[in-house]
Enquirer: 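Below is a structure I'd like to ask you about.
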2 protein chains.
Amino acid sequence: MPEVPPPAPTGDTLLKVLSALGNPHRMRIVAALVERRNYVSALAREIGMGRPLLHMHLQRLEAAGLVVGTLELAEDGKAMKYFDVAPFFYELTPQVIARAAATITESADRTEKEDAK
Amino acid sequence: MPEVPPPAPTGDTLLKVLSALGNPHRMRIVAALVERRNYVSALAREIGMGRPLLHMHLQRLEAAGLVVGTLELAEDGKAMKYFDVAPFFYELTPQVIARAAATITESADRTEKEDAK
DNA sequence: CGTACCTGTCAGAAAAGACTGACAGGCGCG
DNA sequence: CGCGCCTGTCAGTCTTTTCTGACAGGTACG
């Protein structure tokens, strides 16, 4: 199969990824999931964190496309949400940043103020 | 000369880099400096940002080793601080994150509260 | 000597993010 | 049917960032 060209992520995407990974807890979460996939409650116990909090972090990671959550039914009928790490790959160089910065269409920038005049 | 082995940044370092880059303004700052080196005041005007604020962002970027500031004396004797982007390169994969997470010795974790008891 | 440009820092307000406890529901087992 | 374990969410707090205005210092020019 042919080579994959160097990825050029959008500013939006890259921003999400970087801010998601730029956090000790989230880094540990990813690390824990690399070892083995797990469901929310168990993972919370493993890394000593409240469920609501972990839920928020996982949500952030998933929004960045770094992990994937799947709701699976166990044999006994219990619904558990398993999380796996997504096979991501990003290169961080000044040029990549420059290109990404040019494509920041973000709404995070201006939270809808008025710039009339 | 020999090949450079895949870099394995410490959790501490990677954390700084990611949180530094995970910000729209800082991304644009890097992008602007890729185009051409510049000094603080001019850069502030260029991207429309207050000097104190820009100063803070540059400080953060420099702390992460992404840009380098040099205080230079202009011909007319004025002191101006020029900033250049540092030639950085980071690979972001689940494995890299996992390895980095293991080396988080951070003080960012607990901001030195009291856990005496 | 007042003006213009450069540098930096500090206190305090505003916004964003992280965190907690309580509550909702669902299913199976003794 | 109460208990245990699973899922999720919401309101409220607390901490961290982000941002602004004002200040202080320096050199050069008219």
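Here is the naming used below: chain letters follow the sequence lines, and residue numbers restart at 1 for every chain. All figures in this text were calculated on a predicted structure; none of them were measured in a lab.
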Enquirer: For B:G77 and B:L73, which heavy atoms make the closest approach, and how far apart are they?
Expert: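 Heavy atoms of B:G77 and B:L73 come nearest at O-CD1, 3.6 Å.
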Enquirer: Using whole Å, what does the distance between atom C1' of nucleotide D:dT17 and atom NE2 of B:H25 come to?
Expert: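 Answer to the nearest Å: 13 Å.
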Enquirer: Of the candidate nucleotides D:dT18, D:dC6, C:dT7, which contains the atom at the shortest distance from the side chain of B:K81?
Expert: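 The answer is C:dT7.
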Enquirer: So which heavy atom on A:A20 is nearest to which on A:A64, and how close?
Expert: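 Heavy-atom minimum between the residues: CB-CB, 4.0 Å.
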Enquirer: Are any of B:Y39's side-chain N or O atoms less than 4.0 Å away from OP1 or OP2 of C:dC6?
Expert: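 Indeed, a polar side-chain atom of B:Y39 lies that close.
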Enquirer: Identify the heavy atoms of A:G65 and A:A86 that sit nearest to each other, and give their distance.
Expert: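 A:G65 and A:A86 have their closest heavy atoms at O-CB, 3.4 Å.
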Enquirer: When the distance from CE of B:M27 to P of D:dT18 is rounded to whole Å, what number comes out?
Expert: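 About 14 Å, once rounded to whole Å.
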Enquirer: Without decimals, in angstroms, what is the distance between A:M56 CE and D:dT13 C1'?
Expert: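 Rounded to the whole Å, the gap is 13 Å.
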Enquirer: Between D:dT18 and B:N23, is there an OP1 or OP2 to side-chain N/O distance shorter than 4.0 Å?
Expert: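 True: B:N23 side-chain N/O within range (under 4.0 Å) of D:dT18 OP1/OP2.
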Enquirer: Would you kindly give the CZ-to-C1' distance between A:F83 and D:dC6, to the nearest whole Å?
Expert: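 Atom-to-atom, A:F83 to D:dC6, this comes out as 14 Å.
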Enquirer: To the nearest Å, how far apart are A:Q59 CD and D:dT7 C1'?
Expert: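 After rounding, the reported distance stands at 14 Å.
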Enquirer: Just the rounded figure in Å: distance from C1' of C:dC6 to CG of B:L58.
Expert: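 In whole Å, C:dC6 C1' lies 15 Å from B:L58 CG.
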Enquirer: Which atom pair, heavy atoms only, marks the closest approach of B:N38 to B:L33?
Expert: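 Scanning both residues completely, I find the closest heavy atoms to be N-CD2, 3.9 Å.
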Enquirer: Kindly state which residues belonging to residues 45-55 of chain A come within less than 4.0 angstrom of DNA chain C, counting heavy atoms of the residue only, listed by number.
Expert: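 Within this stretch, A:P52, A:L53 sit under 4.0 Å of the strand.
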Enquirer: Could you report the tightest heavy-atom contact between B:V67 and B:L58, atom names first, then the distance?
Expert: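 So the minimum-distance heavy-atom pair works out to CG2-O, 4.0 Å.
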Enquirer: If every non-hydrogen atom of A:M80 is compared with every non-hydrogen atom of A:A74, which pair is closest and at what distance?
Expert: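 Heavy atoms of A:M80 and A:A74 come nearest at SD-CB, 3.9 Å.
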Enquirer: Can you get from B:Y90 to A:V96 by hopping between Ile, Leu, Val, Met, Phe, Trp and Tyr side chains that sit under 4.5 Å apart?
Expert: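 Looking at the clustering, A:V96 is in the same group as B:Y90.
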Enquirer: Under the criterion side chain to side chain contact (heavy atoms under 4.5 Å, CB included), I'd like the reasoning laid out for A:F83 against A:L43: C-alpha separation, chi angles, the key distance, then a yes or no.
Expert: CA-CA 9 Å; A:F83 276 89; A:L43 184 57; 5.7 Å; no
Enquirer: Would you mind telling me which of D:dT18, D:dC19, C:dC19 lies closest to the side-chain atoms of B:R60?
Expert: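 It is D:dT18.
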Enquirer: If the cut-off is 4.0 Å, is A:H57 near the phosphate of C:dG17, judged by side-chain N/O to OP1 or OP2?
Expert: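 A:H57 to C:dG17 OP1/OP2: no side-chain N or O under 4.0 Å.
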Enquirer: In residues 64-80 of chain A, what residues come within less than 4.0 Å of DNA chain C, judged by heavy atoms?
Expert: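 Per residue number, the list reads A:D76, A:G77.
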Enquirer: Find the distance between CG (A:L66) and CZ (A:R60) and round it off to the nearest 0.5 Å.
Expert: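 A:L66 CG to A:R60 CZ: 11.5 Å, rounded to 0.5 Å.
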